[in-house]
S.K.: 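Below you'll find the structure I mean.
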Protein chains: 2
Amino acid sequence: MILKSQVEWALHCCTILAGLPNGRYLSTKALAEFHGVPKEYLSKALQSLSQAKLVDSTLGPSGGYRLSRPAAEISFLDVVEAVEGKERTFVCNNIRTNNPCRPKSYCEAGPCAIARIMWEADEAWRASLRSVTLAALIQTLEKEIPVTLWQSSSEWVLNRAG
Amino acid sequence: MILKSQVEWALHCCTILAGLPNGRYLSTKALAEFHGVPKEYLSKALQSLSQAKLVDSTLGPSGGYRLSRPAAEISFLDVVEAVEGKERTFVCNNIRTNNPCRPKSYCEAGPCAIARIMWEADEAWRASLRSVTLAALIQTLEKEIPVTLWQSSSEWVLNRAG
DNA sequence: CAAATAAGGATAAATAATATCCGTATTGGG
DNA sequence: CCCAATACGGATATTATTTATCCTTATTTG
């Protein structure tokens with residue numbers, strides 16, 4: 001059980017978009033080039049972000065994507081769920097109903113106890129992702145990344161932003 | 001990203017094994033029949049449990065599996081990791097190194113900040129799974145499952161246990 | 001009007017999950 | 001001692017998912 005690489009790409013793209021000056025857009029092409037990933041496939045991830053309303057898009061030359069709201073109001077969970085979907089990571093197939101001793105008429109009261117425990121863990125995972133915003137990530141990155149690299153990257157992006 | 005169905009099967013099988021009288025074994029065949037799942041494929045899941053030393057196995061007629069230690073000392077995480085592996089659910093491909101502004105000689109200090117946050121959530125998931133034992137599960141099930149069904153299932157299993 | 005873009009459908013390739021089959025070694029019961 | 005039942009592991013097949021590419025359409029900027 002491994003998350004799609006699109007999750008990683010989407011998070012990195014959101015990080016870049018969060019650094020854009022207000023109102024500017026950045027294209028799929030620029031994002032793909034910056035991260036060294038295939039443009040056509042990255043495009044699918046960005047479309048997922050768009051459908052989840054995490055980003056706005058605009059057409060034409062100088063078109064592209066920007067965050068649809070402040071980075072402080074977008075969590076890791078928002079991005080992960082936009083790409084992976086909101087379904088739980090554990091699916092209960094209710095195999096308890098295959099118990100040969102179970103009366104045909106018997107109707108289970110609620111979800112299987114095993115599923116409930118697995119779903120609780122799933123929720124713990126989501127709660128952790130929900131607790132971190134893109135703004136918090138950027139704050140961390142600003143401390144960690146050398147100033148020169150940070151600045152040159154900003155310039156690179158700005159040169160390509162519509 | 002969805003867990004293998006073998007995880008569900010393994011958890012249900014461990015539940016049954018936890019209910020066995022001390023020293024008795026239950027075969028793959030019986031476990032497969034009880035849960036209505038394919039015997040040959042379930043066998044792979046049980047082999048995973050065996051390799052992880054969560055269960056002991058014995059050969060020959062009246063052979064099968066039993067828990068290798070008390071149910072109170074086996075957590076959901078033990079079972080999940082036995083089947084799914086211990087690898088983290090988020091893989092960092094370090095695409096930050098593709099940044100066109102990054103000097104060729106530049107050496108990253110530590111893991112990517114994005115990966116660290118994803119791994120923290122992964123750890124929250126594992127911590128939740130680690131906190132629940134098979135013994136706790138059984139305690140819950142004893143309350144939820146009708147006594148008649150509980151007893152008839154016990155008998156069914158006991159009739160087939162070596 | 002031309003070039004660049006997002007969006008989305010169709011398709012292909014690669015990988016992982018699900019499943020079956022078979023041979024081997026081991027064990028308990030007759 | 002022999003036979004049947006078993007765990008184990010390897011090989012293979014089938015299906016679903018992930019990864020990726022290609023192409024068409026509508027839209028927008030200059």
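FYI, side chains are in, hydrogens and waters are out, and symmetry mates aren't considered; it's all heavy atoms of this structure. Throughout, protein chains are lettered first and strands after them, A, B, ... in sequence-line order, and every chain is numbered starting at 1.
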S.K.: Over all strands shown, is A:Ser43 touching base, sugar-phosphate only, or nothing at heavy-atom distances under 4.0 angstrom?
M.R.: nothing
S.K.: Return no unless some side-chain N or O of A:Ser62 is found under 4.0 Å from OP1 or OP2 of C:dT5.
M.R.: no
S.K.: Considering only C:dT18, C:dA25, C:dG8, which nucleotide approaches the side chain of B:Leu59 most closely?
M.R.: C:dA25
S.K.: How do A:Ile2 and A:Thr58 order along DNA chain C: which one's closest nucleotide is nearer the 5' end?
M.R.: A:Thr58
S.K.: Start at the 5' end of DNA chain D and walk down; is the nucleotide closest to A:Ser5 or to A:Pro61 reached first?
M.R.: A:Ser5
S.K.: Contact class for B:Gly162 (heavy atom, under 4.0 Å): base, sugar-phosphate, or nothing?
M.R.: nothing
S.K.: At what distance, to the nearest 0.5 angstrom, does CG of B:Leu11 lie from OG1 of B:Thr15?
M.R.: 6.5 Å
S.K.: Any idea which heavy atoms bring B:Trp156 and A:Cys101 closest together, and the distance?
M.R.: CB-SG, 3.5 Å
S.K.: Round to the nearest Å and state the distance from B:Lys39 atom NZ to C:dC22 atom P.
M.R.: 13 Å
S.K.: Let's go through A:Arg96 and A:Asn98 carefully: what are the C-alpha distance in whole Å and the side-chain angles of both, what is the deciding distance for side-chain hydrogen bond (donor to acceptor under 3.5 Å, both in side chains) to 0.1 Å, and is it a yes or a no?
M.R.: CA-CA 5 Å; A:Arg96 60 177 171 170; A:Asn98 296 329; over 6 Å; no
S.K.: What is the separation between atom CG on B:Leu42 and atom P on C:dA19, rounded to the nearest whole Å?
M.R.: 11 Å
S.K.: Figure out the CD/P separation between A:Glu40 and C:dA12, and round it to whole Å.
M.R.: 17 Å
S.K.: Tell me: NZ of B:Lys44 to P of C:dA19, nearest whole Å?
M.R.: 13 Å
S.K.: Send over the distance from A:Asp56 CG to C:dA6 P, rounded to a whole Å.
M.R.: 13 Å
S.K.: How long is the gap from NE2 on B:His12 to SG on A:Cys112, to the nearest 0.5 Å?
M.R.: 4.0 Å
S.K.: Between which nucleotides of DNA chain D, read 5' to 3', does contact with chain B run, using atoms under 4.0 Å from its heavy atoms?
M.R.: D:dA4 to D:dT18
S.K.: Find the distance A:Ile95:CD1 to C:dT18:C1' and express it as a whole number of Å.
M.R.: 15 Å
S.K.: In this structure, how many angstroms lie between the P atom of C:dA16 and the CD atom of B:Gln6, rounded?
M.R.: 16 Å
S.K.: C:dT11 P sits how many Å from A:Tyr41 OH, rounded?
M.R.: 19 Å
S.K.: Walk me through whether A:Ser75 and A:Asp78 qualify under side-chain hydrogen bond (donor to acceptor under 3.5 Å, both in side chains).
M.R.: CA-CA 5 Å; A:Ser75 71; A:Asp78 291 327; 3.2 Å; yes
S.K.: Could A:Arg69 and A:Asp56 be called an ion pair, given the rule that one side-chain N must be under 4.0 Å from one carboxylate O?
M.R.: no
S.K.: Determine the contact category for B:Thr28: base if any of its heavy atoms lies under 4.0 Å from a base atom, sugar-phosphate if only primed atoms, P, OP1 or OP2 are that close, otherwise nothing.
M.R.: sugar-phosphate
S.K.: NA contact type, B:Lys29, heavy-atom cut-off 4.0 Å: base, sugar-phosphate, or nothing?
M.R.: sugar-phosphate
S.K.: Hey, mind stepping through B:Thr140 and B:Glu144 against side-chain hydrogen bond (donor to acceptor under 3.5 Å, both in side chains) and telling me if it holds?
M.R.: CA-CA 6 Å; B:Thr140 301; B:Glu144 291 185 1; 5.9 Å; no
S.K.: On DNA chain C, does the nearest nucleotide to A:Leu46 precede the nearest nucleotide to B:Glu84 from the 5' side, or the other way round? Give the residue.
M.R.: A:Leu46
S.K.: Think A:Gln51 has a side-chain N or O under 4.0 angstrom from the OP1 or OP2 of C:dA7?
M.R.: no
S.K.: When rounded to the nearest 0.5 angstrom, what distance separates NE2 in B:His35 from SG in B:Cys13?
M.R.: 5.0 Å
